[in-house]
There are 2 protein chains.
Amino acid sequence: MSLRHAILVLLQDQEASGYDLAREFANSIGLVWNATHQQIYLELGKLNEQHMVSYRHVPQEGKPDKKLYQLTDEGRAELIRWLKKPAGPARIRDAFMVKVAGGQLADTQSLLSELEQLAKQRRERLATFEALAKRLDDEGLEDNLYNYLTVRRGILDQRAWLQWAEEVRQTLEHASVGSATS
Amino acid sequence: MSLRHAILVLLQDQEASGYDLAREFANSIGLVWNATHQQIYLELGKLNEQHMVSYRHVPQEGKPDKKLYQLTDEGRAELIRWLKKPAGPARIRDAFMVKVAGGQLADTQSLLSELEQLAKQRRERLATFEALAKRLDDEGLEDNLYNYLTVRRGILDQRAWLQWAEEVRQTLEHASVGSATS
DNA sequence: AGTGCTTATACAACGGATTGCGCAGCGCTT
DNA sequence: AAGCGCTGCGCAATCCGTTGTATAAGCACT
């Protein structure tokens with residue numbers, strides 16, 4: 001029930017279009033809360049009706065017009081109210097992990113190749129986050145404290161995942177050498 | 001769309017009742033895929049209709065009767081089919097992280113106390129997982145390989161989170177000393 | 001005696017989320 | 001010239017998920 005609050009948090013720093021938000025949900029914030037563009041446009045509509053956000057229409061050439069949304073005082077008040085309440089428990093749906101848990105019935109090779117593919121994505125993300133963390137650090141942490149901490153979470157998460165992936169790789173390669181050498 | 005497959009994975013090892021599964025979803029598997037009991041009972045009903053699982057009725061005294069479900073050949077086949085397809089992207093909804101991202105507007109002290117509360121839970125989980133990993137190791141990894149790897153994921157995840165929490169604690173305590181000493 | 005937890009299953013209602021479709025034009029590649 | 005991908009918005013249907021409620025009995029605590 002707090003996609004709305006994730007949006008309000010994003011709008012706290014800068015005004016943005018639905019499309020901008022969708023991109024942020026696909027990258028940075030997406031690691032913590034994901035949403036598709038349909039969901040976002042719908043929620044922006046509701047937030048607007050409830051006077052939590054307002055928008056100005058920006059005509060563009062070559063591209064479709066856009067609506068730049070910003071927080072209203074009421075939106076900011078709602079956000080502050082929400083921040084005071086304890087957060088609900090985190091929910092995850094990680095299909096790959098379910099596959100690992102059921103690994104006995106799976107083909108080890110295809111599991112390993114999927115693992116490698118995911119590891120590649122994680123390495124890229126890690127690089128992005130490390131660059132971003134450095135930039136925020138250079139700009140001065142005082143102004144970017146919470147962004148910095150969020151990015152740090154991303155970094156530690158990627159590293160932990162990659163470390164685990166390395167363990168899995170070694171374990172499964174040994175196991176497959178030991179049992180099923182074609 | 002793969003709560004069903006998570007259930008099939010759990011039933012792969014042993015027959016279980018809906019209630020048993022609900023407990024597993026609240027603990028081990030819940031870190032990777034969460035579901036409530038209503039969802040589970042509903043899905044078991046559907047899986048039964050589709051002949052992916054079967055059950056035997058077990059009368060009990062003092063407690064309500066239960067249905068012990070097990071995988072059918074068709075269920076196992078479906079699971080194998082699913083394991084071959086690449087897994088969909090992981091989805092997360094972590095409200096606390098959204099709160100951290102919006103931390104500028106929050107009360108630092110209440111954020112820190114919520115952090116400490118979550119850290120406590122994570123430490124407990126970590127201890128449980130470490131004990132479980134040790135037990136699986138003692139029993140022989142060959143038989144428990146995929147369970148072991150899943151538990152390892154849990155361990156590394158808890159450690160990474162706790163490390164981050166420590167960073168946050170230090171950062172925010174310094175910051176609040178620097179700026180807002182009551 | 002009353003309250004609340006545990007075991008065990010299940011329905012109903014609502015709201016949130018995913019999927020599919022549609023419009024519209026620009027720029028790049030094949 | 002056709003196809004693809006990006007920017008940008010949006011509706012509709014359906015599916016998934018959460019919350020509330022119900023039943024039923026035993027056990028522990030107050």
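Model, not experiment: these values are computed from the prediction. Throughout, protein chains are lettered first and strands after them, A, B, ... in sequence-line order, and every chain is numbered starting at 1.
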Is [Y] paired with [X] through a side-chain N to carboxylate O contact shorter than 4.0 Å?
X	Y	value
A/Arg169	A/Glu166	yes
A/Glu78	A/Arg81	yes
A/Glu116	A/Lys120	no
B/Arg135	B/Asp138	no
A/Glu15	A/Arg56	yes
A/Glu130	A/Arg159	yes

Side chains of [X] and [Y]: does their closest heavy-atom pair fall under 4.5 Å?
X	Y	answer
B/Val58	B/Asp65	no
B/Pro86	A/Glu114	yes
B/Val168	B/Leu111	no

Atom pairs, protein N/O to nucleotides 6-11 of chain D N/O, distance under 3.5 Å:
from, atom 1, to, atom 2, distance (Å)
D/dT7, OP2, A/Tyr19, OH, 2.6
D/dT7, O5', A/Tyr19, OH, 3.3
D/dG8, OP1, A/Gln60, OE1, 3.3
D/dG8, OP1, A/Gln60, NE2, 2.6
D/dC9, OP1, A/Lys67, N, 2.8
D/dC9, OP2, A/Gly18, N, 3.3
D/dC9, OP2, A/Tyr19, N, 2.7
D/dC9, OP2, A/Tyr41, OH, 3.0
D/dG10, OP1, A/Lys67, NZ, 2.2

Is the B/Trp164 ring parallel, tilted or perpendicular to the B/Phe96 ring (thresholds 30°, 60°)?
perpendicular
Report the distance from atom [atom1] of [X] to atom [atom2] of [N], rounded to the nearest whole Å.
X	N	atom1	atom2	answer
B/Phe25	C/dT9	CZ	C1'	17 Å
A/Arg91	C/dG15	CZ	C1'	12 Å
B/Gln39	C/dC14	CD	P	19 Å
B/Glu43	D/dC15	CD	P	13 Å

Under 4.0 Å: is that the gap between some side-chain N or O of B/Arg93 and OP1 or OP2 of C/dA17?
yes
Going by atom types alone, do B/Arg125 and B/Asn27 pair a side-chain donor with an acceptor below 3.5 Å?
no
Those residues of residues 4-15 of chain A lying under 4.0 Å from DNA chain D by at least one heavy atom
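When residues 4-15 of chain A is checked for heavy atoms under 4.0 Å from DNA chain D, there are no hits whatsoever.
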Bend angle of the helix from C/dA1-D/dT30 to C/dT30-D/dA1 from five-pair axes at both ends, rounded to 10°?
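Inter-axis angle at the termini of the helix from C/dA1-D/dT30 to C/dT30-D/dA1: 30°.
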